[in-house]
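Everything below concerns the one structure shown next.
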Amino acid sequence: MGLQNEGYSLHSYRRTFITKLYNKGISTRTIMEITGHKSMSSLQRYIDADPDKVRDAIN
């Protein structure tokens, strides 16, 4: 029920927040401290690749 049925969840906001911090150049170690992640592998699941940066890396 609620917003989850509409395609919203707290994890989508968490993913956006973490990705924005990462894209601003905040270190992953600092992001781990802010978000409470205990391992890099669990944090990395929340960081989305920026399509523009992927394209630039290929070019």
Side-chain angles (χ1 to χ4, degrees):
M1 275 211 154
L3 292 177
Q4 287 183 335
N5 290 338
E6 300 295 323
Y8 299 99
S9 74
L10 291 179
H11 278 94
S12 64
Y13 292 111
R14 185 175 174 96
R15 178 180 300 276
T16 300
F17 174 68
I18 290 170
T19 298
K20 284 184 176 191
L21 288 175
Y22 181 80
N23 287 338
K24 285 185 173 190
I26 306 300
S27 74
T28 52
R29 191 77 191 127
T30 301
I31 297 171
M32 285 176 68
E33 288 293 320
I34 292 169
T35 61
H37 285 95
K38 301 294 184 213
S39 70
M40 186 64 67
S41 62
S42 65
L43 173 65
Q44 287 176 327
R45 288 182 279 195
Y46 286 91
I47 300 172
D48 289 326
D50 180 338
D52 293 333
K53 288 183 181 182
V54 171
R55 187 180 57 250
D56 290 347
I58 292 170
N59 289 334

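Because the structure is predicted, anything quoted here is derived from the model rather than measured. Heavy-atom basis, side chains included; hydrogens, waters and symmetry copies ignored.
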**Report entry** Pairing residues for Ser39 by the side chain to side chain donor-acceptor pair (under 3.5 Å) criterion, not counting sequence neighbours
**Finding:** Ser41, Ser42
Report summary line: With sequence neighbours left out, the residues meeting side chain to side chain donor-acceptor pair (under 3.5 Å) with Thr35 are His37
Report summary line: side chain to side chain donor-acceptor pair (under 3.5 Å) filter on Thr16, not counting sequence neighbours, yields none
Query raised in the report: Taking only residues two or more places apart in sequence, or in another chain, which ones meet Arg15 in a side chain to side chain donor-acceptor pair (under 3.5 Å)?
Result: Asp48
Query raised in the report: Apart from Ile47 itself, which Ile, Leu, Val, Met, Phe, Trp or Tyr residues share its cluster (side-chain heavy atoms under 4.5 Å, direct or through members)?
Result: Phe17, Ile18, Leu21, Tyr22, Ile26, Ile31, Met32, Ile34, Met40, Leu43, Tyr46
Sequence neighbours excluded and cut-off under 3.5 Å, please list the side-chain donor-acceptor pairs for residues 52-59, or say none.
from: Asp52; atom 1: OD1; to: Arg55; atom 2: NH1; distance (Å): 3.3
from: Asp52; atom 1: OD1; to: Arg55; atom 2: NH2; distance (Å): 2.9
from: Asn59; atom 1: ND2; to: Arg55; atom 2: O; distance (Å): 3.3

